[in-house]
Amino acid sequence: KHARPIAFPRNKRGIGALPSLNRNIGRYDMAETERDFFVTGLRNAHAMEMQARELMEQQIDRTQDYPQLRTRLQQHLVETTSQLERLESVLKEMGESSSTLKDTALSMMGNFSAMMHAASSDEIIKNMLANNMFENFEIGTYKSLIAMCGRVGTPQAETLLRSSLTEEENMARWVDEHIDPVTLAVLARVAHESP
């Protein structure tokens with residue numbers, strides 16, 4: 001005797017399926033994946049801001065001869081501390097925390113990057129170019145996180161993230177507007193110090 005095949009319930013199209021099980025599991029898995037994706041993005045942003053803080057601290061120590069740049073970096077350093085607190089608040093709201101290991105690794109990379117620029121005579125210009133790139137990376141990161149807010153059920157996080165986005169956009173604009181004057185100030189200093 002041959003064993004009878006198992007008969008699965010058929011949907012309207014006549015295809016064997018387990019509609020209730022498929023429907024519930026599919027929705028649950030997608031929600032979990034989106035939430036986890038958002039949390040990972042928040043942790044990455046936290047690590048990014050830790051790196052930004054380390055870079056600015058290194059740069060501030062070496063900008064004594066460029067007071068306008070130094071003042072703006074100090075101002076943005078305060079903003080970055082607020083951005084870290086906002087990210088921690090959103091993570092806490094979701095029952096999560098920042099990843100200490102990732103923060104430490106990226107912080108060390110930030111210090112290494114600053115030390116590499118410090119060894120060059122055009123360090124201030126290289127730092128301005130790196131800041132221009134980094135600020136735009138931060139802008140993209142916050143825009144991406146804000147886009148996810150509605151889908152993962154954290155619309156209240158959007159307000160906090162938008163505050164950080166505005167600060168990054170303002171800093172990016174400042175850096176962009178000051179690449180020329182800072183470059184010329186560095187050239188003038190080199191010309192003055194040349195024998």
**Student check: side-chain heavy atoms of Q59 and E123 closer than 4.5 Å** = no
**Message:** When you compare the side chains of H76 and E168, does any donor N or O come within less than 3.5 Å of an acceptor on the partner?
**Reply:** yes
**Prompt:** Taking side chain as C-beta onward, heavy atoms only, is I146 less than 4.5 Å from L165?
**Reply:** yes
**Complete:** Taken to the nearest 0.5 Å, the spacing of L87 CG from S82 OG works out to 11.0 Å
**Asked** Partners of R70 by salt bridge (Lys or Arg N to Asp or Glu O under 4.0 Å), sequence neighbours excluded?
**Response** none
**Linked, directly or transitively: F134 and V78 (ILVMFWY side chains, under 4.5 Å)** = no
**Asked** Are the side chains of I124 and L69 in touch, meaning some heavy atoms are under 4.5 Å apart?
**Response** yes
**Item:** Residue pairs involving residues 80-91 (criterion salt bridge (charged side-chain N to carboxylate O under 4.0 Å, His left out); sequence neighbours excluded)
**Value:** R86-E167
**Item:** Flag side-chain contact, heavy atom, 4.5 Å: M94 against R35
**Value:** yes
**Asked** Is there a path from V182 to M133 through hydrophobic residues (I, L, V, M, F, W, Y) whose side chains come within less than 4.5 Å of each other?
**Response** no
**Request:** Find out whether V152 and F37 are in side-chain contact, i.e. whether some heavy atom of one side chain is under 4.5 Å from a heavy atom of the other.
**Result:** no
**Message:** Is there a side chain to side chain contact (heavy atoms under 4.5 Å, CB included) between E96 and K92? Walk through the geometry before answering.
**Reply:** CA-CA 5 Å; E96 304 286 341; K92 185 177 178 182; over 6 Å; no
**Asked** Going hydrophobic residue to hydrophobic residue with side-chain gaps under 4.5 angstrom, can you get from M171 over to I179?
**Response** yes
**Item:** Under 3.5 Å donor-acceptor, N131 side chain and N127 backbone
**Value:** yes
**Complete:** Quick note, salt bridge (charged side-chain N to carboxylate O under 4.0 Å, His left out) partners involving residues 173-185, not counting sequence neighbours, are none
**G41 to L145 - nearest heavy-atom pair and separation** = C-CD2, 3.6 Å
**Message:** On a heavy-atom basis, which atom in Q83 and which in S164 lie closest, and how many Å separate them?
**Reply:** CG-OG, 3.3 Å
**Request:** Report the residues that fulfil side chain to side chain contact (heavy atoms under 4.5 Å, CB included) with T159, sequence neighbours left out, ordered by chain and then residue number.
**Result:** none
**Asked** Is there any side-chain hydrogen bond (donor to acceptor under 3.5 Å, both in side chains) pair reaching into residues 136-149, and which pairs are they, with sequence neighbours excluded?
**Response** E49-Y142
**Request:** Please tell me if the side chains of M148 and E34 come closer than 4.5 Å, counting only heavy atoms from C-beta onward.
**Result:** no
**Request:** Write down the atom of R72, the atom of W174, and the distance for their closest heavy-atom approach.
**Result:** CG-CD2, 3.4 Å
**Prompt:** Which residues, ordered by chain and number, are linked to L184 in its hydrophobic cluster, where ILVMFWY side chains connect at heavy-atom gaps below 4.5 Å, directly or through other members?
**Reply:** L187
**Prompt:** If we only count heavy atoms from C-beta on, is the E54 to Q51 side-chain gap below 4.5 Å?
**Reply:** no
